[in-house]
Novice: 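Got a structure for you, questions after.
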Amino acid sequence: MIDPRLLRSDPASVAKRLQIKGYTLDVELFESLETKRKALQVDTESLQAERNARSRHIGKAKATGQDIKPLLKDVADLGAQLDDRKQNLLEIQEQLTDLMMSLPNLPDESVPEGGDEDDNQVVRSWGDPTAFDFTPLDHVDLTREGGLMDFDAGVKIAGSRFVVLRGAVARLHRALIQFMLDVHTREHGYQELYVPYVVNRESLMGTGQLPKFESDLFKLTDEREFYLAPTAEVPVTNIVRDCIVEAEQMPLRFVCHTPCFRSEAGSYGKDTRGMIRQHQFEKVELVQMVPPEDSWAALEALTGHAEMILQKLGLPYRVMNLCGGDLGFSAAKTYDLEVWLPGQQAFREISSCSNFLDFQARRMQARWRNPDTGKPELLHTLNGSGLAIGRTLVAVLENYQLADGRIRVPQILQSYIGGDAVLAP
RNA sequence: GGAGGGGUGGCAGAGCGGUUGAAUGCACCGGUCUUGAAAACCGGCAUGCCGAGAGGCAUCCAGGGUUCGAAUCCCUGCCCCUCCGCCA
């Protein structure tokens with residue numbers, strides 16, 4: 001949520017900055033709601049003050065044994081009046097909260113202008129696109145033999161955009177998870193977490209998936225409002241919801257491997273081949289909670305942590321600064337890591353690292369105790385994939401393929417799969 | 001699944017339906033004392049909104065209800081704890 005004070009004091013400049021994200025704020029609607037709210041609130045509160053005063057009076061009169069009947073008569077119609085105004089106020093407030101909760105975060109100054117991914121800026125790149133003296137295959141063709149990636153089985157069991165992995169590929173997939181968790185816990189100072197994969201409405205509100213993006217989620221048919229987590233960001237970030245974190249515990253750095261479930265509504269026909277876009281995929285997620293003044297440095301560090309995985313795996317990639325139009329709902333700034341996929345002859349997103357500033361924290365009421373003021377203040381949250389497992393698997397298969405169709409195993413992964421230098425079927 | 005007990009400030013923990021936004025302790029902040037620290041003592045210490053200020057309003061898990069008035073009474077939901085049963 002955007003700071004309501006900022007929105008109230010300068011809606012025009014908020015609107016201007018939201019426009020960079022392609023969001024049009026109806027300033028007039030907001031201001032008229034705000035004006036109504038203010039009037040109603042003052043009205044209601046003065047009425048309440050009167051009622052409170054009179055009730056107190058009755059209490060005192062009763063205590064001294066006076067006749068309270070005339071006093072009661074006085075307040076007879078106050079209650080109904082009050083109920084009426086309260087109801088009006090509540091309706092306006094509800095409209096205002098709905099509006100506020102559906103406003104995206106303000107983009108940072110350093111976010112480039114632009115409407116879609118074509119306007120993203122290359123910040124830096126690492127490695128050169130892998131060279132082959134033959135025409136490289138994509139991961140689908142590479143794994144056809146032996147049904148190592150069995151898309152038909154996935155379809156049979158669940159439906160399209162699901163897959164069954166077998167044998168060496170399933171093992172490599174698992175090895176990638178272990179490897180990433182090890183690097184982040186041992187070298188980057190993250191605490192490993194295990195979390196629920198089912199999340200409630202409040203949690204999704206907190207990180208910003210709700211109320212606007214319900215259709216991206218799988219909802220369970222239960223009388224409780226349960227959803228499958230679309231990313232570990234949701235369960236992990238919500239750990240600090242309604243919490244006041246002590247300063248000496250900061251920064252909090254969590255790493256968590258979870259499956260992620262996404263309905264991918266609206267992506268029909270997009271990335272239908274292979275494992276690039278699935279309803280269910282694994283991800284190792286990095287999440288940080290930091291004091292506000294540290295969050296920009298933390299974004300650079302966190303992005304670096306994700307990059308380190310690609311470097312250790314020897315996968316060429318580039319870092320993109322997302323333009324306004326491509327920026328997510330909650331993010332103030334996002335770096336995407338794009339890995340080189342020889343099968344597609346293209347860079348594809350494999351990680352997304354964002355600073356949310358206090359946007360999520362305000363929704364979650366996640367605070368820390370600022371030692372300078374002694375007061376609870378909103379903290380800053382960040383997260384990034386470190387990395388998406390399915391896409392990393394694809395990248396390894398495609399970048400490490402040999403002319404005969406076998407797959408070399410990146411040096412650093414060999415100890416995770418029994419020392420094999422070439423993927424054994 | 002069955003039977004009970006609970007949800008109050010950062011934490012612990014009081015709180016006859018009226019002057020309780022809430023005793024007390026701990027923690028924290030400031031001060032006195034001390035060479036310094038500890039102890040002791042004094043003072044301060046929830047959040048949001050409105051207001052220039054004085055002050056006002058709201059919040060004691062959430063939502064309804066009773067009442068002139070609810071932290072306190074009633075109903076529903078959520079969560080936690082204890083015991084029994086079942087279970088990976």
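In what follows, every heavy atom counts, from backbone to side chain, and hydrogens, waters and symmetry copies are set aside. By convention in this document, chain letters (A, B, ...) are assigned in the order of the sequence lines, proteins followed by strands, and residues within each chain are numbered from 1.
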Novice: Counting only Watson-Crick or G-U wobble pairs whose two distances fall under 3.5 Å, which nucleotide matches C68(B)?
Specialist: G18(B)
Novice: Take atom P in U8(B) and the same atom in A23(B), then report the distance between them in whole Å.
Specialist: 15 Å
Novice: If you pin Gly59(A) and Pro4(A) to their nearest nucleotides in RNA chain B, which one's is more 5'?
Specialist: Gly59(A)
Novice: If I pick the C1' atom on U32(B) and the same atom on G25(B), what distance separates them, to the nearest angstrom?
Specialist: 23 Å
Novice: Is the His305(A) ring parallel, tilted or perpendicular to the His188(A) ring (thresholds 30°, 60°)?
Specialist: parallel
Novice: Pick base, sugar-phosphate or nothing for Lys62(A), based on heavy-atom distances below 4.0 Å to the nucleic acid.
Specialist: base
Novice: Please walk me through it: do Arg273(A) and Asp141(A) pass salt bridge (charged side-chain N to carboxylate O under 4.0 Å, His left out)?
Specialist: CA-CA 11 Å; Arg273(A) 182 177 167 86; Asp141(A) 291 329; 3.1 Å; yes
Novice: Reading RNA chain B in the 5' to 3' direction, which nucleotide is the first one with an atom under 4.0 Å from a heavy atom of chain A, and which is the last?
Specialist: G10(B) to G69(B)
Novice: In a check of side-chain contact (heavy atoms from CB on, under 4.5 Å) between Phe356(A) and each of Leu299(A), Thr207(A), Thr381(A), Thr334(A), which one passes?
Specialist: Thr381(A)
Novice: Which whole number of Å gives the distance between the C1' atom of C83(B) and that of G65(B)?
Specialist: 33 Å
Novice: Which whole number of Å gives the distance between the C1' atom of A71(B) and that of A62(B)?
Specialist: 15 Å
Novice: Nearest-nucleotide wise, let me know which of Gln365(A) and Glu246(A) is further upstream toward the 5' end of RNA chain B.
Specialist: Glu246(A)
Novice: Using Watson-Crick or G-U wobble geometry with both distances below 3.5 Å, tell me the partner of U59(B), or none.
Specialist: A46(B)
Novice: Are Tyr197(A) and Phe261(A) an aromatic pair, judged by ring center distance below 6.0 Å?
Specialist: no
Novice: Looking at every strand, decide which applies to Arg51(A) at a 4.0 Å heavy-atom threshold: base, sugar-phosphate, or nothing.
Specialist: sugar-phosphate
Novice: If the test is side-chain contact (heavy atoms from CB on, under 4.5 Å), which one of Leu423(A), Leu315(A), Val339(A) qualifies with Val396(A)?
Specialist: Leu315(A)
Novice: Tell me what Ile58(A) touches on the nucleic acid: a base, only sugar-phosphate, or nothing, going by heavy atoms under 4.0 Å.
Specialist: base
Novice: Using atom C1' in both nucleotides, what's the gap between A27(B) and G10(B) to the nearest angstrom?
Specialist: 8 Å
Novice: Pairing check on A40(B): which nucleotide meets the Watson-Crick or G-U wobble criteria with it, both distances under 3.5 Å?
Specialist: U32(B)
Novice: Before you tell me yes or no, could you show the steps for Glu187(A) and Lys312(A) under salt bridge (charged side-chain N to carboxylate O under 4.0 Å, His left out), namely the whole-Å CA-CA distance, both residues' side-chain angles and the distance that decides it to 0.1 Å?
Specialist: CA-CA 12 Å; Glu187(A) 298 175 25; Lys312(A) 282 176 185 282; 3.0 Å; yes
Novice: When you compare U59(B) with A54(B), how far apart are their P atoms, in angstrom units rounded to a whole number?
Specialist: 23 Å
Novice: So do Val236(A) and Thr258(A) actually touch side chain to side chain, heavy atoms under 4.5 Å?
Specialist: no
Novice: Could you work out the separation of U67(B) and C74(B) based on their C1' atoms and round it to a whole Å?
Specialist: 12 Å
Novice: Whom does G4(B) pair with, Watson-Crick or G-U wobble, provided both distances fall under 3.5 Å?
Specialist: C81(B)
Novice: When the P atoms of A40(B) and C26(B) are compared, how many Å lie between them, rounded to an integer?
Specialist: 8 Å
